[in-house]
Undergrad: 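Take a look at the following structure, please.
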Amino acid sequence: MPRYDPSRSEPKWQAAWDEAGVFTARHDESRPKYYVLEMFPYPSGRIHMGHVRNYTMGDVVARYKLAQGFSVLHPMGWDAFGMPAENAAMEQGGHPADWTYANIADMREQMKPMGLSIDWSREFATCDPEYYGQQQAMFLDFLDAGLVYRKNAVVNWDPVDQTVLANEQVIEGRGWRSGAEVERRELTQWFFRISDYAGELLAALDGLDKWPEKVRLMQQNWIGRSQGLQFAFSTVGAPEGFERLEVFSTRPDTLLGASFAAISADHPLARHLERHDDDVAAFVAECRHLGTSEEALETAEKKGLDTGIKVLHPFDNSVELPVYIANFILMDYGTGAIFGVPAHDQRDLDFARKYGLDVIEVFEPRDAPLTVEDEAYVPPKTEPVRYVRPLAGGERQTGDEAIGAAIAFCEENGVGHGVTQYRLRDWGLSRQRYWGCPIPVVHCDTCGVVPERKENLPIELPRDVSFDQPGNPLDRHPSWAHCACPKCGGEARRETDTMDTFVDSSWYYARFTAPRAPTPTDPVETDYWMNVDQYIGGIEHAILHLLYSRFFARAMHRTGHLPAKAVEPFDALFTQGMVTHEVYYTRDNRGRPVYHLPDDVDKDARRLKATGEAVEVIGNAKMSKSKKNVVDPVNIISAFGADTARWFILSDSPPERDVEWTEAGAEAAFRHLSRVWRIATEVVESDTPASEADAELNKAVHRAIHEVTEGIEGFAFNKSIATLYALTNTVAKSKAGAEAKPAAMRVMAQLMSPMVPHLAEEVWALMGGEGLVAQADWPRADPAMLVDEEIVLPIQINGKRRSEIAVPRDAPREEVEKRALADDAVIKALQGAAPKKLIVVPGRIINVVV
RNA sequence: GCGGGUGUGGCGGAACGGUAGACGCGAGGGUCUCAAAAACCCUUUCCGAAAGGAGUGUCGGUUCGAAUCCGACCACCCGCACCA
């Protein structure tokens, strides 16, 4: 008997789909459209199991929607700018463009055998001048619309390599290559005014009802709207020009508990003092070695320096608070200055304990006096507390009430005003790097900063650059930056900064709707295809990429590049989990782990194949090169076929959770698919006559249609697959006849086709299905087939399951109660007494309380 | 540190507040075979001979009933604005 051979069957069906143009996205006004998008990959050169999982999920949705009659857009492209290409050029020589395009070619070749329903005719890379030129055009429109501006901002500066470092290149405060202590340095940089949209981006989250709740929550917290009081302290002993110190606080109700004020090391006052005071200069310099990430600031030991300056308490001039420079105050948030209330803020308390500052309680729990030791009292703002030092409002009130009263009181007394603050900062897009989209502006000595003319776009990156020294090659290129001023025609210099790669990924979804248009988008195409109906990607993008894209879509709408309906570009979002694998390691003579590839390990014996040395095993960890626990999809596909990889990656775990890749699981998936194929070949040869088993099988088929469909709709592909396993067992055991069985197998082929499209075609063809299963209509379950006449009700006694009874589906409650009380287990438990309570949940359960 | 999430048999997991463990893996037993592989059949949460009891990270709460809801804690994962 011939065996299931995916290496022959899969390429055959892929060719058939290509020939029929099944996956070409067609703008067809007569049909509803469906746009499925997976987050596009960075072209590292190798696909990994995470990609397989991501694209398989998208493919299931795309094929399912196609079968439902939608005109489907399912494109693929490459997030191709970024640091790895420059790092490769530095390490191995060569050019980032060559490295990137070679990687793209490799990855495309690795992806094609997966049999994805992608319209490859729309493919592009963000490093194509055709793409980034349109991005430059939009940048100019944004500039024109006042959505972009320049200001100073700090970067991580490596003083040895003389280059700007990304946060990930700063390791424990040092440059990753040079090992030098990183400094913060200020540069003039371009910013998008995303904070202008903070309120709108926040409010619109409510409408994203097909996004995961957790993502909306994360974005909400990230945008971080807060109401507070902004006011100015009068200073004592401050230098000229610093008579007042503006502070912002979300807890003005605790003002009478303030015992110090603190300013950021980047605050203008700190910068002033730095120039005249060596101690301040030394402390501020220390703060600036911390790196620029919020994480670095927050996890560093909290430190401060007393400036000797005091501020007067606005409601009690006899109280003078010391002013500290502190390493945990952010210049970007609020005014870069705060007052500290140690009793009701843990960080302030730690700071106060360290520097011997007063701890003054402002409020207490309602029913107990409060003495703050090492733990600040920070109840939820909705909880009523007793104010012992109220600024305004009653003695007993919630934090929220007290804050409102405090702001009103302060405003009445001319001490500051209530303000709405957002945590969200403007989006700095300048990067001092080569491999990115050039910012299309020119610096002219006479005209200043001048936008490039659109007809000169794209401003292309020069080819002749070298990476043999650190820093931005554009900066040291002999001629590239020299140009004529678009305004006066005089000699001018191009901006050598390029754009953050988040810009590239903030609008690619729109470009896919018209990838070759001579403008960034084509209104006819965006009108038909937008929005993305289903977006799929990793949770790690929950905040930045998705928030930036939401902003960008709004900016594109404002500049006429997207219709109003597309300001929220992703209707539904699904975040999938990681692919993990066991990690195998031995230890070197110093006890450090030495990792080994899965292929080199005998998993049963837990020994290295080569030496027999025992290996230690850690359970599932994210696949990573450093731990060598990677499984190459290419090897899996060549050994078992794409369908096996697809089936396994979908089968075990729910899509939102991590899935552990195991060799045993992959082999089992292959065995199952072989079995389905074998059953199909047996069904063909069968001549069993029709019987009662036909109806039974038919019922099982309809149930399966219902469950598989529900699984796909609910992104529970693992449940759809469990149903298909069960259906396979049912068909295998069924005594149904030579008409019913092929019919069942045809439906099974349809139900399988989103997950294992090649095998589905094979089975479909064997069963005499018409045309391609990829083009067949999705089957419908007959509702009448889904109900049972008799149901089994479990009986609980005191909440524990003790028995069960079978009753007609629509039996009246009295009848069910009567039968339940007649049950042996119930009689035994009651011992002649009447039940205390008898709960009947129709169609569900009976609970007898004795 | 802050924000968000996850936690169920040996393993991956299933379970509108209603029979905990569907489906799969692994393991054990069997059929077929000279033998093996493949295939097929059966068993498989734990303790217990059984009756029965225990059980969804830990501790507490709400409920007739909690894996599910609430509170506290523990562990792990994601993000923290220049990684993509």
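Convention: sequence-line order gives letters A, B, ...; per-chain numbering from 1.
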Undergrad: Tell me: CD of A/Glu298 to C1' of B/rG79, nearest whole Å?
TA: 14 Å

Undergrad: Using a cut-off of less than 4.0 Å, is there contact between a side-chain N or O of A/Asn167 and OP1 or OP2 of B/rA81?
TA: yes

Undergrad: Name the nucleic acid region contacted by A/Asn798, choosing base, sugar-phosphate or nothing; use a 4.0 angstrom heavy-atom cut-off, strictly under.
TA: nothing

Undergrad: Is A/Arg431 close enough to B/rA81 that one of its side-chain N or O atoms is under 4.0 Å from OP1 or OP2 there?
TA: no

Undergrad: When we call it a touch if two heavy atoms are under 4.0 Å apart, what does A/Ala668 touch: a base, just sugar-phosphate, or nothing?
TA: sugar-phosphate

Undergrad: Does the base of B/rC82 carry an N or O that pairs as donor and acceptor with the side chain of A/Gln432 under 3.5 Å?
TA: yes

Undergrad: Is the shortest side-chain N to carboxylate O distance from A/Arg251 to A/Asp345 below 4.0 Å?
TA: no

Undergrad: Let's see if you can work this out: which of B/rA14, B/rC78, B/rC83 has an atom nearest to the side-chain heavy atoms of A/Glu168?
TA: B/rC83

Undergrad: Between P on B/rG17 and CD on A/Gln796, what's the gap in Å once rounded to a whole number?
TA: 16 Å

Undergrad: Check every strand shown and say whether A/Gly538 touches a base, only sugar-phosphate, or nothing at a heavy-atom separation below 4.0 Å.
TA: nothing

Undergrad: Donor-acceptor check, side chain of A/Tyr131 to backbone of A/Tyr508, threshold 3.5 angstrom: yes or no?
TA: yes

Undergrad: For B/rG26 and B/rG79, measure between their P atoms and round to the nearest Å.
TA: 33 Å

Undergrad: OP1 or OP2 of B/rG13 versus the side-chain N and O atoms of A/Ser653: is any pair under 4.0 Å?
TA: yes

Undergrad: Does the Lys NZ or Arg CZ of A/Arg216 fall within the cation-pi geometry relative to A/Trp211 - under 6.0 Å from the ring centre and within 45° of the axis?
TA: no

Undergrad: How is A/Ser430 classified with respect to the nucleic acid when contacts are heavy atoms under 4.0 Å: base, sugar-phosphate, or nothing?
TA: base

Undergrad: Collect all protein-nucleotide pairs involving nucleotides 3-9 of chain B in which both atoms are nitrogen or oxygen and the distance is under 3.5 Å.
TA:
unit_1	atom_1	unit_2	atom_2	d
B/rG3	O3'	A/Asn221	ND2	2.9
B/rG3	O2'	A/Asn221	ND2	2.9
B/rG7	OP1	A/Arg657	NH2	3.2

Undergrad: Given A/Tyr548, which of A/Phe192, A/Trp507, A/Trp222, A/Trp427 fulfils the ring pair (Phe, Tyr, Trp, His ring centres under 6.0 Å) condition?
TA: A/Trp427

Undergrad: Describe, in one word, how the ring planes of A/His541 and A/His545 are oriented to each other, choosing from parallel (under 30°), tilted (30 to 60°) and perpendicular (over 60°).
TA: perpendicular

Undergrad: Determine the Euclidean distance between corresponding C1' atoms of B/rA81 and B/rU45; express it in Å to zero decimal places.
TA: 47 Å

Undergrad: Would you jot down, in residue-number order, the residues of residues 77-84 of chain A having a non-hydrogen atom under 4.0 Å from RNA chain B?
TA: A/Asp79, A/Gly82, A/Met83

Undergrad: Under 4.0 Å, counting only non-hydrogen atoms across every strand here, what does A/Ala664 touch: a base, just sugar-phosphate, or nothing?
TA: sugar-phosphate

Undergrad: For A/Ala669 and A/Ile839, find the nucleotide of RNA chain B closest to each by heavy atoms; which residue's nucleotide sits nearer the 5' end?
TA: A/Ala669

Undergrad: With hydrogens left out and only the distance checked, is there a donor-acceptor pair under 3.5 Å joining A/Glu540's side chain and the base of B/rC80?
TA: no

Undergrad: So what does A/His545 touch, heavy atoms closer than 4.0 Å: a base, only the sugar-phosphate, or nothing?
TA: nothing

Undergrad: Looking across every strand, which nucleic acid part, if any, lies under 4.0 Å from A/Glu707 by heavy atom: base, sugar-phosphate, or nothing?
TA: nothing

Undergrad: Regarding A/Ser651 and A/Asn718, is there a side-chain donor-to-acceptor distance under 3.5 Å anywhere?
TA: no

Undergrad: Check whether more than 12 heavy atoms from other residues, nucleotides or ligands sit under 6.0 Å from atom NZ of A/Lys836, and answer yes or no.
TA: no

Undergrad: Ignoring hydrogens and angles, are the base of B/rC64 and the side chain of A/Asn847 linked by a donor-acceptor pair under 3.5 Å?
TA: yes

Undergrad: Answer with yes or no whether A/Glu295 presents, from its side chain, a donor or acceptor under 3.5 Å of a partner atom in the base of B/rC80.
TA: yes

Undergrad: In Å, rounded to the nearest 0.5 Å, how long is the span from CD1 of A/Ile721 to CG of A/Leu650?
TA: 4.5 Å

Undergrad: Please work out if A/Leu424 contacts a base, only the sugar-phosphate, or nothing of the nucleic acid, heavy-atom cut-off 4.0 Å.
TA: base

Undergrad: Quick one: on RNA chain B, does A/Ser293 or A/Thr501 contact a more 5' nucleotide (nearest heavy atom)?
TA: A/Ser293

Undergrad: Counting only side-chain N and O atoms of A/Arg671, is one of them less than 4.0 Å from OP1 or OP2 of B/rG24?
TA: no

Undergrad: B/rA20 P sits how many Å from A/Arg844 CZ, rounded?
TA: 13 Å

Undergrad: Counting the atoms with a prime plus P, OP1 and OP2 as sugar-phosphate, which does A/Pro654 contact under 4.0 Å by heavy atoms, base, sugar-phosphate, or nothing?
TA: sugar-phosphate

Undergrad: With C1' as the reference atom in both, quote the distance from B/rG17 to B/rA67 in angstrom, rounded to an integer.
TA: 11 Å

Undergrad: Does the side chain of A/Arg802 get closer than 4.0 angstrom to OP1 or OP2 of B/rG53 through an N or O atom?
TA: yes

Undergrad: Using the P atom as the point on both nucleotides, what is the distance between B/rU63 and B/rG53, in whole Å?
TA: 25 Å

Undergrad: Can A/Lys719 and A/Glu713 be counted as an ion pair, charged N to O under 4.0 angstrom?
TA: no

Undergrad: For A/Val164, report the nucleic acid contact type (base, sugar-phosphate, nothing); a contact means any heavy atom under 4.0 Å.
TA: base

Undergrad: Using a 4.0 Å heavy-atom cut-off across all strands, classify A/Lys719 as base, sugar-phosphate, or nothing.
TA: sugar-phosphate

Undergrad: With a 4.0 Å cut-off on heavy atoms, is A/Val849 in touch with a base, just the backbone sugar-phosphate, or nothing at all?
TA: sugar-phosphate

Undergrad: What contact category does A/Phe502 fall into here, base, sugar-phosphate, or nothing, at under 4.0 angstrom with non-hydrogen atoms?
TA: base

Undergrad: Any chance you could encode RNA chain B as dot-bracket? Rule is Watson-Crick or G-U wobble with both distances under 3.5 Å; [ ] for pairs crossing earlier ones, | for another strand.
TA: (((((((..(((.....[....)))((((((.......))))))(((....)))..(((((..]....))))))))))))....

Undergrad: For B/rA14, take OP1 and OP2 only and decide whether either is under 4.0 Å from a side-chain N or O of A/Asn718.
TA: yes

